[in-house]
Number of protein chains: 2
Amino acid sequence: MKRPTIHDIAREAGVAKSTVSFALNGLPGVSEATRQRILAVAGELGWQPSRAARALSAAQAEVVGLVLARPTGLLEVEPFFMRLIAGVEAALGADDIGLLLQVVGDDPQHELEVYRRWWGQRRVDGVLVVDVRVDDQRLPVLAELGLPCVLVSSEVPGSGLTSVGLDTKAAMVAAVAHLRALGHTRIARVSGHADFQETVLRDRAFAETAGPDAVIVAADYSGERGAAATRDLLLSGQPPTAIVYDNDVMAVSAVGVAAELGLDVPGDLSIVAWDDSPLCRLPHPALTAISRDIPGYGAAAAGALLRVIHGERVPDAVFGIPELVVRGSTGPA
Amino acid sequence: MKRPTIHDIAREAGVAKSTVSFALNGLPGVSEATRQRILAVAGELGWQPSRAARALSAAQAEVVGLVLARPTGLLEVEPFFMRLIAGVEAALGADDIGLLLQVVGDDPQHELEVYRRWWGQRRVDGVLVVDVRVDDQRLPVLAELGLPCVLVSSEVPGSGLTSVGLDTKAAMVAAVAHLRALGHTRIARVSGHADFQETVLRDRAFAETAGPDAVIVAADYSGERGAAATRDLLLSGQPPTAIVYDNDVMAVSAVGVAAELGLDVPGDLSIVAWDDSPLCRLPHPALTAISRDIPGYGAAAAGALLRVIHGERVPDAVFGIPELVVRGSTGPA
DNA sequence: CTGTTAGCGCATTCAT
DNA sequence: ATGAATGCGCTAACAG
């Protein structure tokens, strides 16, 4: 009544353990007849390989890790991560690789500590790294540790680490062009964490697209900061007629701010969200948004990680084509 | 330049492997002097235990699993899970137990398949089970497999499985009492998945509190269904003046519906959300909500799971005291 | 084609 | 107090 082992199968089938191992792993060196018999016995016994034993022997955990390092107040309402994870697991599932998740506060030291432990104990074979910052202090450590990883981020030239990115520029162009076409000239943007690399890229893309003096107010992806930034913009001397937000959460909060100030959306203010999670359909009017295939993105990143773990040298990649989904929150200037 | 093992430490310190093992694990049978020397050497060498070896030897994965089985459209915007996970890991971190996460579509068979694999391969030592349904088909399987688990749910009498729940009745009473005090008499409720056990409990609590003929419209936690239910209610012959929602997402969408219908919140409609995630502060007015310590709840459930894994018989428990946080979305009838 | 054997790194029992 | 020996379940190199 205990877990059957290869040894049990061997005894039951009247062959040697190694024969069983070969048969089970589809390796040559076993006659088709014996292989079938072994498989049958394994099936009857309900045998499943022991992960621990396999991991020890193969020196492979068959697990990849993901650390989420944001204050939970930010994490829990940010749909991006669950969507990413869903995609990651789709790619991992085929090889039956597990995903070890760790959410740590906002402490980069803590995050590095997790990587050191995970890799030191070979608890994971590699990790996916999100929220890459400018001059990210994690990157050199990761490189030095030799922990296989893929940056879920645009490329980071000096790092020597593989990245899988999204086309930020194209997305920004789509958003701004849409607003321009509606006649907007005073277009502003409320950005995410100022020291995320992605934010800097969007800053640049926005400046190149909306003009160098287009206003950007820095926020941090949270509803609070997003709302505050929106208030600042709308109560300023020259309020914008359209605002592009760096995520859905801040864009949703902007609808609230408009209501609070008695402004009509999109009559007085057009709003563009970024990511296009189901959050965009919560407010009225529903939000026009930059839409990207986040699950697909996660799957691509996970696929790249598997190859990196496998020892391949994987080139940086850019995933997918952003699209603008027009809903009620944008209208003529 | 490769990973040091206990053997290396033993050689370096001039003792036997077992002595090193004893010293490292704080077991008696080693002189204090040797212990110190061994610890010093281990530190110099940067030794870390191999998880795979330890797991094989101890027949313990030191990992617990969590399967999330909802359509991703629902998962990604539901803050509950990330908050729960944050709490779970807080409890797991102390013992350095990992959390293996698996998101599967909406397929209960698929979920059971995951449990069978995880347990068959001893990839996890136990699991946390969420979204418990009425006559949940997973429960007997879990019990039969002998996979240690804790239901993140109110108790399920016949199941033989340990549960950690929240005080649903108290929460409902708080919500309804608040609305009653404001003079509301036509109070309705928009519920989550009809076949979740929690929904049934809330149905009953609502009927007991708001009166047996208080209207309940069944939805599924999604913004779409929540909005549709709200529309149904508000466009009916006797529209309610207050609605209690089973989660934050549907409550936020209700603000949108009110705006769409030209109704004032809370002037024409009072809204109570359930969970009190940061989502509640996104709309204007901000949402009054039933607040529960979800991270704490997750930690409690994880703690119970650890004890179950340890072989203890853990009694069902109810965690924490729900509170009503009053914000702008509720007002006099 | 099949069986024997020796690790993987750690825990632990049993002698010394 | 310390060291030698064995097993966890699987893989793989080797000999038969």
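Each chain gets a letter, A, B and so on, in the order the sequences are listed, and its residues count up from 1. Keep in mind that this is a model prediction, so the values were computed, not measured.
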Calculate the interatomic distance between [X] atom [atom1] and [N] atom [atom2]; express it in whole Å.
X	N	atom1	atom2	result
B:H7	C:dC10	NE2	P	11 Å
B:R35	D:dT2	CZ	C1'	13 Å
A:L45	D:dG9	CG	C1'	15 Å
A:I9	D:dC10	CD1	C1'	11 Å
B:I6	D:dT6	CD1	C1'	15 Å
B:R54	C:dC8	CZ	P	19 Å
A:R11	D:dG9	CZ	P	13 Å
B:L24	C:dG9	CG	C1'	12 Å

Which listed nucleotide (D:dC10, D:dT11, C:dC10) is nearest to the side chain of A:N25?
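Side chain of A:N25 sits closest to D:dT11.
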Among D:dC10, C:dG9, C:dA11, which is the nearest nucleotide to the side chain of B:A53?
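Of the options given, the side chain of B:A53 lies nearest C:dG9.
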Contact list (N/O, under 3.5 angstrom) for nucleotides 14-16 of chain C vs protein:
none

Please classify the nucleic acid contact of B:L56 as base, sugar-phosphate, or nothing, using heavy-atom distances under 4.0 Å.
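Base, at least one base heavy atom under 4.0 Å.
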Regarding A:S50, tell me which of base, sugar-phosphate or nothing describes its non-hydrogen contacts under 4.0 Å with the strands shown.
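Contact class for A:S50: sugar-phosphate only.
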Is any side-chain heavy atom of [X] closer than 4.5 Å to a side-chain heavy atom of [Y]?
X	Y	value
A:R37	A:V15	yes
A:M82	B:L68	yes
B:L306	B:L92	yes
A:V164	A:V318	no
A:D96	B:R123	yes
A:R11	A:D8	yes

Around B:N25, counting heavy atoms of other residues, nucleotides and ligands shown, do more than 12 lie under 6.0 Å from its CG?
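Yes, enclosed.
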If you look only at distance, which donor and acceptor atoms sit under 3.5 Å apart when one is on a side chain in residues 103-110 of chain B and the other is two or more places apart or in another chain?
residue, atom, partner, partner atom, Å
B:D107, OD1, B:Q109, N, 2.9
B:Q109, NE2, B:Q137, OE1, 3.1

Please round to 10 degrees the angle between the axis of the first five pairs and the axis of the last five pairs in the helix from C:dC1-D:dG16 to C:dT16-D:dA1.
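That helix has its two terminal axes inclined by roughly 50°.
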Establish, for the pair A:R122 and A:W119, whether the NZ or CZ atom is under 6.0 angstrom from the six-membered ring centre and no further than 45 degrees off its axis.
yes
Apply side chain to side chain contact (heavy atoms under 4.5 Å, CB included) to residues B:F22 and B:T34 and explain how you reach the verdict.
CA-CA 11 Å; B:F22 279 21; B:T34 353; over 6 Å; no
Want to settle it: does A:Q48 or B:V15 sit nearer the 5' end of DNA chain D, counting the closest nucleotide to each?
B:V15
Indicate every side-chain donor-acceptor pair of residues 139-149 of chain B with a distance under 3.5 Å to a residue at least two apart or in another chain.
none

Please enumerate all protein N or O atoms sitting under 3.5 Å from an N or O of nucleotides 4-7 of chain C, with distances to 0.1 Å.
residue, atom, partner, partner atom, Å
C:dT4, O4, A:S18, OG, 3.0

Without placing hydrogens or testing angles, list every side-chain donor-acceptor pair under 3.5 Å for residues 52-67 of chain A, not counting sequence neighbours.
residue, atom, partner, partner atom, Å
A:E62, OE1, A:R51, NH1, 2.6
A:E62, OE2, A:R51, NH1, 3.4

Short side-chain N/O contact to C:dC1 OP1/OP2 from A:S31, under 4.0 Å
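Negative; the distance criterion is not met.
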